[in-house]
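Everything numeric here is computed off the predicted structure, so don't read it as measured data. Numbers restart at 1 for each chain; the letters A, B, ... are given by sequence-line order, proteins then strands.
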Protein chains: 2
Amino acid sequence: MPRPAADEQIHTAENLYREYLRDRGLKYTDERRMVLQAVMKNDEHFEAEQLLLSMRQAGMRVGKATVYRTLKLLVACGIVKEVHFSNKQVHYEHTYGQDPHDHLVCRRCGRIIEFDASEVLRLRTAIAAGQRFHALSHRFQIIGLCETCSRSCPISVRVNQLLAQKPAKPRKKP
Amino acid sequence: MPRPAADEQIHTAENLYREYLRDRGLKYTDERRMVLQAVMKNDEHFEAEQLLLSMRQAGMRVGKATVYRTLKLLVACGIVKEVHFSNKQVHYEHTYGQDPHDHLVCRRCGRIIEFDASEVLRLRTAIAAGQRFHALSHRFQIIGLCETCSRSCPISVRVNQLLAQKPAKPRKKP
DNA sequence: GTCAATGCAAACATTTTGCAACTCT
DNA sequence: AGAGTTGCAAAATGTTTGCATTGAC
């Protein structure tokens, strides 16, 4: 499960990206190149804001809007994929050159475990065929408890975890 | 693919809900009852704001915050499930008493097609077992083009659809 | 020279929160 | 009576947009 990509891969991805842009009269700017690099060099999973931060810390100067705009491009050309782990921000992962995989998400500790997606792909093909649907991609995640949490986590605790409503504060009286 | 639930089902769901609340010292209020009813009677898929609106149109008086808070409860006790169709709001669906299913999402026209999830469940069990993971639920969607769109939609158009960035203007040649 | 891209700040949309008043149990 | 709940409006998020300026081709 390699996190950051090798330089080699970055290069191939860059070519794909460049071609994608050229083909539709878009420009290959410094910013777009930098975002691609940052995406490929960072952890596999990330969020937009996080990416922006890590880029700035690395001394690159980019605007937030550019990051958001560029991520869309990268998604469109298939180098990056959107993942919805939480209900808040979108998460991204660079999938270029990675083996297809999906995720197990631990509801308690948030751990993300990847697993090989071959079977899922097979199933997806079968289902799509049955519905005359032209499948292009999929999202699959299994939600539950990882080994550690399922051992240490009595049901009552689990249930309260689920209850997102805030702990119901102490009350003062008039 | 029944959209609204039968009164019978609403009743059973209500009991489950009630018990869930009682078990942890929460109260079964009018608002909570109304939200449940609205959820079950409306279309299978909906968004929070939409639900609020339909409730108000039906003459019920509830605050937005209550709707959001109650939806969380309903998710927690398994009557409602969150679905991420778009990157904007969360969508919900009431799953109580419905056959387990997942979705095909047409990228072009947004159509949602449901399919039986038995195979997915089987696969999920196998995968979870292999990773010593305790699966509780899953999210699965296949993204692509529905039959109609895949016929009428030349590649170039598809690609521009993907490109969420606004400009994506026509290209003229030098 | 053109047309597209950038950065910024303002706009947006959705969801969450603090708090006083209120209600179930 | 008292813990939990509500509604409201304000706050918090995360993401998008308008526009003047800058930059790629």
Side-chain angles (χ1 to χ4, degrees), chain A residues 17-36 46-53 55-56 60-75 82-92 160 163-174, chain B residues 17-36 46-53 55-56 60-75 82-92 160 163-174:
Chain A
Y17 186 27
R18 212 159 175 163
E19 203 171 311
Y20 176 88
L21 293 172
R22 179 168 42 63
D23 284 356
R24 53 216 87 213
L26 306 177
K27 288 165 185 172
Y28 192 60
T29 64
D30 282 0
E31 289 79 6
R32 285 176 180 175
R33 189 178 34 67
M34 291 191 300
V35 172
L36 174 63
F46 57 93
E47 354 173 335
E49 200 72 33
Q50 201 178 95
L51 183 71
L52 177 66
L53 229 103
M55 290 184 68
R56 291 204 165 145
M60 302 170 173
R61 290 226 248 75
V62 257
K64 174 183 296 199
T66 301
V67 168
Y68 277 99
R69 291 190 273 231
T70 306
L71 280 171
K72 293 211 163 150
L73 284 171
L74 290 171
V75 168
E82 293 179 349
V83 198
H84 296 257
F85 288 135
S86 81
N87 291 351
K88 317 186 59 171
Q89 358 61 318
V90 177
H91 285 74
Y92 299 88
N160 285 329
L163 189 58
Q165 194 157 354
K166 252 200 163 176
K169 295 270 188 63
R171 179 87 175 83
K172 52 179 114 171
K173 69 164 186 183
Chain B
Y17 187 26
R18 212 158 177 164
E19 203 174 308
Y20 175 89
L21 293 172
R22 181 169 41 61
D23 283 356
R24 53 217 86 213
L26 306 179
K27 288 165 184 169
Y28 192 60
T29 63
D30 283 359
E31 289 81 4
R32 285 179 179 171
R33 188 177 35 67
M34 291 191 300
V35 172
L36 174 64
F46 58 93
E47 355 175 332
E49 200 71 33
Q50 202 177 93
L51 183 71
L52 176 65
L53 228 104
M55 290 184 70
R56 292 203 166 146
M60 303 171 173
R61 290 226 247 77
V62 255
K64 175 182 296 201
T66 302
V67 167
Y68 276 99
R69 292 190 275 231
T70 306
L71 280 171
K72 293 212 164 149
L73 283 171
L74 290 171
V75 169
E82 293 180 347
V83 198
H84 295 258
F85 289 134
S86 81
N87 291 351
K88 318 186 61 171
Q89 357 61 318
V90 177
H91 285 74
Y92 299 88
N160 284 330
L163 188 57
Q165 194 158 357
K166 247 199 167 173
K169 299 254 186 75
R171 178 87 179 92
K172 42 183 115 172
K173 65 164 187 184

How many Å lie between [atom1] on [X] and [atom2] on [N], as a whole number?
X	N	atom1	atom2	answer
Arg18(A)	dA4(C)	CZ	P	20 Å
Gln50(A)	dG14(D)	CD	C1'	14 Å
Asp23(B)	dT25(C)	CG	P	14 Å
Tyr28(B)	dT25(C)	OH	P	10 Å
Leu52(B)	dT16(C)	CG	P	14 Å
Glu31(B)	dC8(D)	CD	P	11 Å
Leu21(B)	dT5(D)	CG	P	8 Å
Met34(A)	dG23(D)	CE	C1'	13 Å

Out of [options], which has the shortest distance to the side chain of [X]?
X	options	value
Arg69(A)	dA5(C), dG7(C), dT16(C)	dG7(C)
Ala65(A)	dA9(C), dT16(C), dT6(C)	dA9(C)
Thr29(B)	dT6(C), dT5(D), dT14(C)	dT5(D)
Lys64(A)	dT15(D), dC8(C), dG7(D)	dT15(D)
Arg32(B)	dG7(C), dA5(C), dT5(D)	dT5(D)
Val90(A)	dT16(D), dA4(C), dT15(D)	dT15(D)
Gln89(A)	dG14(D), dG7(C), dA24(D)	dG14(D)
Leu26(B)	dA9(D), dG7(C), dG4(D)	dG4(D)

### Message
Measuring to OP1 and OP2 of dT16(D), would you say a side-chain N or O of Tyr68(A) lies under 4.0 angstrom away?
### Response
no
Q) Taking only side-chain nitrogens and oxygens of Lys72(A), does any of them come within less than 4.0 Å of OP1 or OP2 of dT15(D)? A)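 It does not, given that no N or O in the side chain of Lys72(A) lies less than 4.0 Å from OP1 or OP2 of dT15(D).
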Sorted by position of nearest nucleotide on DNA chain C, 5' first, the leading residue of Ala48(B) and Asp30(B) is Ala48(B)
Within a strict 4.5 Å, meaning less than it, do heavy atoms of the [X] and [Y] side chains meet?
X	Y	value
Leu73(A)	Leu26(A)	yes
Phe46(A)	Leu71(A)	yes
Asp30(B)	Met60(B)	no

Categorize Lys27(B) for me: base, sugar-phosphate, or nothing, with a 4.0 angstrom heavy-atom threshold over every strand shown. base
Notebook entry, point to check: Which heavy atom in Arg56(A) sits nearest to a heavy atom in Val62(A), and how many Å separate them?
Noted result: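 Residues Arg56(A) and Val62(A), closest heavy atoms: NH2-O, 2.6 Å.
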Minimal heavy-atom distance between Lys64(B) and Glu49(B), with the atoms involved, is NZ-OE2, 3.4 Å
message = Please check this pair: side chain of Arg18(A) against backbone of Tyr28(A), looking for a donor-acceptor N/O pair closer than 3.5 Å.
response = no
Of Glu49(A) and Arg56(B), the one whose closest nucleotide on DNA chain D sits nearer the 5' end is Arg56(B)
